Amino acid sequence: MPRPIHNIKKKVLSDAKYTTYEYTFDYEVSKNRLESHKRIVFDHGDGASVLMYHRQNKTVLLTRQFRLPTFLNKHKSGYLVEVCAGMLDGDTPEDCVRKEAIEETGYEVFNLEKAFAPYASPGVMTEIAHLFVGEYDHSKRPGKGGGLAEEHEHIEILEMDFNTAYQKILTGEIKDARTILLLQYLKIKNPF
C-alpha cells in the first residue's frame, strides 16, 4: 500500500524530558486530491508492562500509584491500579519488565511470555506497548519494591486473588488499559 502522506514538516514544540512535535502534511484522499493536516505527536519511546501471577496461589501482583493525567480527567483520586510498567530507555522489552518488576514490587519475574505489542494511543503517541505475563514467587524477592525514590513513584504493592482482580475491571476499579488487556489475556490463557 503506498504511503498516503506527502510534504511532511516537523516542528519541535517541547523537548522537556520527552519530545512533542507538530507535524504538518498533505494527506492523499484520492489519486489527485490532497488535504492539508496538522497533528501534535508525543514521542517518549516505547514501553513494556508485565502482569505478574503466582500459579499455585492463583494471585496476581498489581501496583497502585497516583497518575496526574487521570486526576485532571475527573478520576476521583487519581490513583490507578496497574501492572508493572516502564519505558524501555535502551533496554529490551524483556529486560525492562524484569527491572521494573523488582523496582516496583521487589519480586523477580520469571517464565516471561509476550502477550502482544499494541500501539498505546496511536492518535497522539508513537509508543508501542510491549505486554507480558510472568510468574513470581515469594522466595524470589531481592528488593522491597515501591518504586525509585529519585523518580518520586510512591508505589503501593497489591497482591490479590486473580478472580478478585478480574472483577475489578467490571466494577471500574481497574481502568488502566494495559492492565485490563493483560488480565483478559491471563483469563483466556488460564494458567491456574
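Here the structure is a predicted model, which is why all the values come from computation and not from measurement.
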Undergrad: Is it possible for you to say whether Val97 and Val83 belong to one hydrophobic cluster, with membership spreading through side-chain heavy-atom contacts below 4.5 Å?
TA: no
Undergrad: Given the rule that I, L, V, M, F, W and Y join up when any side-chain heavy atoms are under 4.5 Å apart, are Leu186 and Leu62 in one cluster?
TA: yes
Undergrad: Using only atom types and a distance under 3.5 Å, with no angle test, would you say the side chain of Arg178 pairs donor to acceptor with the backbone of Leu181?
TA: no
Undergrad: Are Val60 and Val81 in one and the same hydrophobic cluster, where Ile, Leu, Val, Met, Phe, Trp and Tyr link if side-chain heavy atoms are under 4.5 Å apart?
TA: yes
Undergrad: Answer yes or no: is there a donor N or O on one side and an acceptor on the other, between the side chain of Asp137 and the main chain of Ser139, under 3.5 Å?
TA: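 Confirmed, Asp137 side chain pairs with Ser139 backbone.
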Undergrad: Rounded to the nearest 0.5 Å, what's the gap from CG on Asp46 to CG on Leu88? Could you check?
TA: 5.5 Å
Undergrad: Considering residues, nucleotides and ligands other than Lys175, do more than 12 of their heavy atoms fall under 6.0 Å from its NZ?
TA: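 It does not: Lys175 NZ has 12 such atoms or fewer within range.
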Undergrad: Of all residues at least two apart in sequence or in a different chain, which pass the ring pair (Phe, Tyr, Trp, His ring centres under 6.0 Å) check with Tyr53?
TA: Phe192
Undergrad: Decide yes or no for Leu183 and Ile174: does some side-chain heavy atom of the first lie under 4.5 Å from some side-chain heavy atom of the second?
TA: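 Yes, side chains in contact.
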Undergrad: So, taking the atom named NZ in Lys187 and the one named OH in Tyr166, what distance separates them when rounded to the nearest 0.5 Å?
TA: 5.5 Å
Undergrad: For a 4.5 angstrom cut-off between non-hydrogen side-chain atoms, does Met125 reach His44?
TA: yes
Undergrad: Measuring from Thr63:OG1 to His154:NE2, what's the distance to the nearest 0.5 Å?
TA: 14.0 Å
Undergrad: Run the salt bridge (Lys or Arg N to Asp or Glu O under 4.0 Å) test against Asp95 and tell me which residues pass, sequence neighbours left out.
TA: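 So Asp95 forms a salt bridge (Lys or Arg N to Asp or Glu O under 4.0 Å) with Arg98.
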Undergrad: Should Arg67 and Glu82 count as side-chain neighbours, where that means a heavy-atom distance under 4.5 Å?
TA: yes
Undergrad: May I ask you to decide if Gly123's main-chain N or O and Ser121's side chain share a donor-acceptor pair within less than 3.5 Å?
TA: no
Undergrad: I'd like to know if Met52 and Val133 are part of one continuous hydrophobic network [Ile/Leu/Val/Met/Phe/Trp/Tyr, side-chain heavy atoms within less than 4.5 Å].
TA: no
Undergrad: Return yes when atom OH of Tyr23 has more than 12 non-hydrogen atoms of other residues, nucleotides or ligands closer than 6.0 Å, and no otherwise.
TA: yes
Undergrad: Kindly compute the distance separating CD (Glu100) from SG (Cys84), expressed to the nearest 0.5 Å.
TA: 7.5 Å
Undergrad: Kindly compute the distance separating CG (Leu182) from CG (Leu131), expressed to the nearest 0.5 Å.
TA: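 Here the rounded value is 5.0 Å.
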Undergrad: Within the side chain of Thr105, is there an N or O that forms a donor-acceptor pair under 3.5 Å with the backbone of Ile102?
TA: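 Checked: no pair found.
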Undergrad: Does some side-chain heavy atom of Phe25 sit less than 4.5 Å from a side-chain heavy atom of Arg39?
TA: yes
Undergrad: Which donor-acceptor pairs under 3.5 Å do the side chains of residues 4-15 make with protein atoms, sequence neighbours left out?
TA:
from: His6; atom 1: NE2; to: Glu28; atom 2: OE1; distance (Å): 2.6
from: Asn7; atom 1: ND2; to: Asp26; atom 2: OD2; distance (Å): 2.6
from: Ser14; atom 1: OG; to: Ala16; atom 2: N; distance (Å): 3.4

Undergrad: Contact between Phe110 and Lys140 at the side-chain level, heavy atoms closer than 4.5 Å - yes or no?
TA: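 Answer yes - side chains close enough.
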Undergrad: Output side-chain donor-acceptor pairs under 3.5 Å for residues 111-120, partner residues at least two apart or in another chain, one line each.
TA:
from: Asn111; atom 1: ND2; to: Glu135; atom 2: OE2; distance (Å): 2.9
from: Glu113; atom 1: OE1; to: Lys189; atom 2: NZ; distance (Å): 3.0
from: Glu113; atom 1: OE2; to: Tyr185; atom 2: OH; distance (Å): 2.4
from: Lys114; atom 1: NZ; to: His130; atom 2: ND1; distance (Å): 2.7

Undergrad: Quick one: closest heavy-atom pair of Cys96 and Met87, and the distance?
TA: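 Looking at all heavy atoms of both residues, the closest pair is SG-O, 3.5 Å.
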Undergrad: Between Gln65 and Leu80, does a side chain to side chain contact (heavy atoms under 4.5 Å, CB included) hold up when you go through it step by step?
TA: CA-CA 6 Å; Gln65 62 182 309; Leu80 287 190; over 6 Å; no
Undergrad: Identify all side-chain donor-acceptor contacts of residues 156-163 below 3.5 Å with residues at least two apart in sequence or on another chain.
TA:
from: Glu156; atom 1: OE1; to: Arg64; atom 2: NH1; distance (Å): 3.0
from: Glu156; atom 1: OE2; to: Arg64; atom 2: NH1; distance (Å): 3.2
from: Glu159; atom 1: OE1; to: His138; atom 2: NE2; distance (Å): 3.4
from: Glu159; atom 1: OE2; to: Tyr136; atom 2: OH; distance (Å): 2.6
from: Glu159; atom 1: OE2; to: His138; atom 2: NE2; distance (Å): 2.8
from: Asp161; atom 1: OD2; to: Asn163; atom 2: N; distance (Å): 3.0
from: Asp161; atom 1: OD2; to: Thr164; atom 2: N; distance (Å): 3.2

Undergrad: If we only count heavy atoms from C-beta on, is the Leu51 to Thr179 side-chain gap below 4.5 Å?
TA: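 When only atoms from C-beta onward are counted, Thr179 and Leu51 do not touch, as no gap falls below 4.5 Å.
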Undergrad: What's the spacing between Ile40 CD1 and Lys38 NZ if we round to 0.5 Å?
TA: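 It comes to 7.5 Å.
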Undergrad: With side chains defined as the heavy atoms from C-beta onward, is the minimum distance between Phe132 and Pro93 less than 4.5 Å?
TA: yes
Undergrad: I'd like to know if the side chain of Thr19 pairs up with that of Asp43 as donor and acceptor (distance under 3.5 Å, no hydrogens or angles considered).
TA: no
Undergrad: In chain order, what residues pass the ring pair (Phe, Tyr, Trp, His ring centres under 6.0 Å) check against His75, with sequence neighbours excluded?
TA: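 Partners of His75 under the ring pair (Phe, Tyr, Trp, His ring centres under 6.0 Å) test: none.
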